[in-house]
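Here is the structure we will look at.
Below, chains carry the letters A, B, ... as their sequence lines are ordered, and counting in each starts from 1. These numbers come from a predicted model, not from an experiment.
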Protein chains: 2
Amino acid sequence: MSLTVVGSIAFDAVKSPFGEREKMLGGAAVHFSLAASFFTDVRVVGPVGDDFGDDEYGVLHGRGVNTDDIEHVEGGDTFFWKAHYEFDMNTAHTEDTQLGVFGEFEPKLSEASRSSDVLFLANIQPDVQRGVLDQCPDARLCGLDSMNLWIDTARESLVRTIAGVDLLFLNDAELRMLTEQPNLVKAARAVMEMGPSTVVAKQGEYGAALFTKDGFFALPAYPLETVIDPTGAGDSFAGGFLGYLASRNETSDEELRRAMTYGSTLASFNVEEFGTERVGRLSRGEIDERYSEFERMTALAGLPA
Amino acid sequence: MSLTVVGSIAFDAVKSPFGEREKMLGGAAVHFSLAASFFTDVRVVGPVGDDFGDDEYGVLHGRGVNTDDIEHVEGGDTFFWKAHYEFDMNTAHTEDTQLGVFGEFEPKLSEASRSSDVLFLANIQPDVQRGVLDQCPDARLCGLDSMNLWIDTARESLVRTIAGVDLLFLNDAELRMLTEQPNLVKAARAVMEMGPSTVVAKQGEYGAALFTKDGFFALPAYPLETVIDPTGAGDSFAGGFLGYLASRNETSDEELRRAMTYGSTLASFNVEEFGTERVGRLSRGEIDERYSEFERMTALAGLPA
């Protein structure tokens, strides 16, 4: 089984109450790839500039991620994002965004990337996402992430793109904004009417909720005493989620619940350190141990005798 | 087993996007009593004025709540609260508060109320709560709710009161405010150092989290397509929670998780209609059915084979 992710590859400058990094590997496709790599073969598609070198490739290769479809744009700069977090770590305060080579990104997937079973369209302009979708008509499962910017500025295109995918990952506020529906259950149903069979509402420190035609499942976030850097948590979640599903033959309710748990697990490790530092040296054993902790902390005693 | 609750008995005027009520039975002690009444004998302690009559007593007696310690203040008016909700139902916008007889409330518990196994101090000025606590030295279990107003204006008294109880119910923001700790896990630990062995973080539409010395448990809120009136959800939660515990001999981790589920169940019914309308005609069968739905919607598949 294999998985292709298309999205941003970046350098991030991040300051949080617990420290700072001036230039570290980041980007949605990177966080996603590393998280998914524990479960399946991953191919990452995205553009980088001249400043992207062996150290950065080393992090991806260290997790076995296939980088053949990373497009090196000569003379260009890699996407750069600078932000800080206050003590309320739920909101990133962006200070600078330099799109660099990402601004002209027109993904052209190799035959190998096109033939992956599972496809993830990380947050990019929805026309570009649909262009990728059109190149992968045979994917068994397509997931998509987006953001408030595109809901605001490219709603029609976004809705058309969403119609072509199986799973939508958005945070609560974005789901409400997209559907103009304040109630989350109704918002999720409205999204399912657009096309996707599965909607995942990302809820930050509260965890995530899963909506399908007949089902509902919710999982709290892993309770961490210290969150160092929440950047990439949503993409790590999606990576754990879709990486796990790519390794399985079916998308049953039971497998979707496991995918939620692996997604939450990867997100929880991601935020424990800056950037890719924690996930980069994570082991499958640590992941399964935390999965078991999720089982214990959500186990509900049956009706009393 | 029996349970005594001390707190406000009120008339509420509430407008939400789904309708309005000009004067309906409300108040923390009322919502708590009705929810707890499905599990144990409940005695409610609070003041009412001349405007409180047979209809209101009828709702409480309809659920078997003992009203002997309701104090009727001749010539006074019952506490009145007026508020509206926007489409974001998480915030009540208060328009009017008339304390009436509640402003001079000095609870004097009867021998019967003092000898209950379990005591709940609904949100009142913390000196008054401590006065009640002093009257009930033999209670097996004491729970307390409070609010941002007292954290702001009577912190020292509140902390002294908290030191004397076993369970604290506060919402996320209040826990952070009380402990000046942005991380919820650390905030809960800081509260446990003040005295309580159990802390329940109420998280509105996201559900609730339970912290004990060694344990963590979180439960999502029941996914409702329509929330009519969230007033009293927190007190209904505490009522289901402590009512259930009052009916059991122990406060094990398993029983606390059941209490969380009964609390969430009662809160979910409470918000389905205005004021006490839904819980007033609820049946134990409906409660246990929803409990089972909570079991299904939180069941986590084990590690894959």
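Residues A:Tyr85 and A:His93 are not in side-chain contact: their nearest non-hydrogen atoms beyond the backbone lie 4.5 Å or more apart. Taking 4.5 Å as the limit, every side-chain heavy atom of A:Leu167 sits out of range of all side-chain heavy atoms of A:Phe120. Contact check for B:Lys213 versus B:Ser197: no side-chain heavy atoms found under the 4.5 Å cut-off. Residues B:Phe241 and B:Phe169 are in side-chain contact: their nearest non-hydrogen atoms beyond the backbone lie under 4.5 Å apart.
Among the candidates A:Thr298, A:Leu303, A:Leu219, the residue making the largest number of heavy-atom pairs closer than 4.5 Å to chain B is A:Leu303. The candidate from B:Glu295, B:Arg248, B:Arg257 with the greatest count of non-hydrogen atom pairs under 4.5 Å with chain A is B:Arg257. The most heavy-atom pairs under 4.5 Å with chain A, out of B:Pro17, B:Ser292, B:Ala301, come from B:Ala301. For the set B:Asp253, B:Leu210, B:Leu224, the entry with the most heavy-atom pairs within less than 4.5 Å of chain A is B:Leu224. If you tally non-hydrogen atom pairs under 4.5 Å between each of A:Glu205, A:Arg258, A:Glu254, A:Glu255 and chain B, the highest count goes to A:Arg258. Per-residue counts of heavy-atom pairs under 4.5 Å with chain B were compared for A:Gly207, A:Pro223, A:Ala218; the largest is that of A:Pro223. Of the listed residues (B:Gly215, B:Pro220, B:Gly302, B:Ser247), the one with the most heavy-atom contacts under 4.5 Å to chain A is B:Gly302.
Note on B:Glu289 versus B:Arg284: no salt bridge recorded, every NZ/NE/NH1/NH2 to OD/OE distance being 4.0 Å or above. Between A:Asp166 and A:Arg140 there is no salt bridge, since none of the side-chain N atoms of the basic residue sits less than 4.0 Å from a carboxylate O of the acidic one. Comment: B:Lys15 does not engage B:Glu95 in a salt bridge, judged by the lack of any side-chain N to carboxylate O separation of less than 4.0 angstrom. Checked for salt-bridge contact, B:Arg290 and B:Glu272 meet the test: a charged N lies under 4.0 Å from a carboxylate O.
Side chains of A:Asn90 and A:Tyr206: a donor-acceptor N/O pair is absent below 3.5 angstrom, by distance only. Side-chain atoms of A:Glu293 and A:Tyr222 form a donor-acceptor pair, as typed in the model, at a separation below 3.5 Å.
Interface residue B:Tyr262: only side-chain heavy atoms are found under 4.5 Å from chain A. Residue contact with chain B, scored on non-hydrogen atoms closer than 4.5 Å, involves the side chain of A:Tyr244 exclusively. Both the backbone and the side chain of A:Thr226 have a heavy atom closer than 4.5 Å to some heavy atom of chain B.
A:Arg63 contributes no side-chain N or O that, together with a main-chain N or O of A:Ser33, makes up a donor-acceptor pair within less than 3.5 Å. Within the 3.5 Å criterion, the main-chain N or O of B:Leu119 finds no donor-acceptor partner in the side chain of B:Ser116. Of the possible polar contacts, none joining the A:Arg278 side chain to the A:Asn270 backbone as a donor-acceptor pair under 3.5 Å is found.
Inspection of non-hydrogen atoms places A:Asp172, A:Arg176, A:Pro182, A:Asn183, A:Val185, A:Lys186, A:Arg189 of residues 171-190 of chain A under 4.5 Å from chain B. The stretch residues 229-240 of chain A places none of its residues near chain B, where near means some heavy atom under 4.5 Å from a heavy atom of that chain.
The shortest heavy-atom contact between B:Ala209 and B:Phe216 is CB-CE1, 4.0 Å.
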